Amino acid sequence: MPWDLEAARVTALPDDAFYIPNFISEEEEQILLQKIQSAPLPRWTHLTHRRLQTWPSALTKTNTLLSSPLPPWLTTPIIDPRFKELGIFAESPHTAPNHVLINEYHPGQGIMPHEDGPAYHPLVATVSLGAAIVLDLYDKDKKKDGKPESEQDYLRIPRFRILQERRSLLVTRGKMYTDFLHGIAERVVDGDLGPETVCNWGLLGEKDGFLGGSFERRTRTSLTYRDVLKVAKVGNTLKFLGRS
Ligand SMILES: O=C(O)CCC(=O)C(=O)O
Ligand SMILES: [Fe+2]
């Protein structure tokens, strides 16, 4: 793992994006997948095109996080020591992520182009598990309220494509967070892969598997680490509710 995030910069992208292959080991990947699979069923929110876990809890209607620690399996070794060593959240308000979304995509599933919005410090650190997937980035300009205006907009060609290998880390922040939409196409095959079409091609850990220019999707799970700006102490909340 590089000690300096700069060595991992995706130079073909506007500021800032960083890609680190083999960020976690195969053993760490298996432990994480097993923890995710063994979470009680009510932990999952089932959406039409994927399912999702939210740790430590969903935000309130005012985008507030009720303060609660992340479980140790989401903290060690990803946040502590690795994010800390790389200084990934050093400039975010809480100097560490306090929220993790876990998305699971089966082949053919994806996520519509969207932006992550103002509830978070503009930085997302994504660890990919289980299989590779292509993340598409779209210009935001022709969008209204951050959402595609039409079906045609949704189908339009991405401006950039990032290939996320299993066990890799992708960090997007700044302009990449605020000026682009990101999405994952609902495909069973990711194709047209090569140095001209994949902006992090030179940073990939194992290009050999992708030299044929395409791969079949398998189940891919992502952990997206973020810093929620507004945090309420649970003690205060209880007081607010008249319970203490
Ligand atoms: O699975 C991913 O890598 C992206 C997930 C995402 O965009 C989100 O949860 O907001
Ligand atoms: Fe997102």
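These numbers were taken from a predicted model, which means no experiment stands behind them. Every heavy atom of this structure was used, including side-chain atoms; hydrogens, water molecules and symmetry mates were not. Ligands are counted one by one from 1 in listed order, and the atoms in each one are counted from 1 as well.
- Under a 4.0 Å criterion applied to the non-hydrogen atoms of Thr126, ligand 1 contributes the atoms 3 (O).
- Between Phe180 and Tyr138, the distance from one ring center to the other does not fall under 6.0 angstrom.
- The contact set between ligand 1 and Leu101, taken as ligand atoms under 4.0 Å from a residue heavy atom, comprises 9 (O).
- In terms of protein heavy atoms, atom 9 (O) of ligand 1 is closest to Asn103 ND2, 2.9 Å.
- Ionic pairing of Arg50 and Glu104 is not present here: no N-O contact between side-chain nitrogen and carboxylate oxygen is shorter than 4.0 angstrom.
- Checked by atom type, the side-chain pair Thr62/Thr64 shows a donor-acceptor distance below 3.5 Å.
- Residue contact check: Ser222 has heavy atoms under 4.0 Å from atoms 1 (O), 2 (C), 3 (O) of ligand 1.
- Comparing heavy-atom distances from atom 2 (C) of ligand 1 across Glu104, Arg226, Arg220, Gln164 singles out Arg220 as nearest.
- Atom 4 (C) of ligand 1 has Tyr105 OH, 3.6 Å as its closest protein atom, hydrogens excluded (heavy atom only).
- Its N, O or S atom nearest to the Fe ion (ligand 2) is what matters here, and for Asp116 that atom is OD1.
- Using a 4.0 Å cut-off between heavy atoms, Val124 makes no contact with ligand 1 at all.
- Interatomic distance, CZ of Phe160 versus CG of Leu135, reported as 12.5 Å (0.5 Å rounding).
- The proximity of Leu52 to ligand 1, defined as any non-hydrogen pair under 4.0 Å, does not occur for either the backbone or the side chain.
- Side-chain atoms of Gln109 do not come within 3.5 Å of backbone N or O of Glu186 as any donor-acceptor pair.
- Not one N or O of Arg50 is nearer than 3.5 Å to an N or O of ligand 1, by distance alone.
- Taking all atoms of both residues into account, the shortest heavy-atom contact from Lys175 to Asp15 is CB-O, 3.0 Å.
- Among the atoms of Glu115, no N, O or S atom falls under 2.8 Å of the Fe ion (ligand 2).
- Geometry at the Fe ion (ligand 2): NE2/His114 and NE2/His182 form an angle of 90°, nearest 10 degrees.
- Using modelled atom types and a 3.5 Å distance limit, the side chains of Glu115 and Tyr177 yield no donor-acceptor pair.
- Annotation for Glu29 and Gly130: closest pair OE2-N, 2.8 Å, computed over non-hydrogen atoms.
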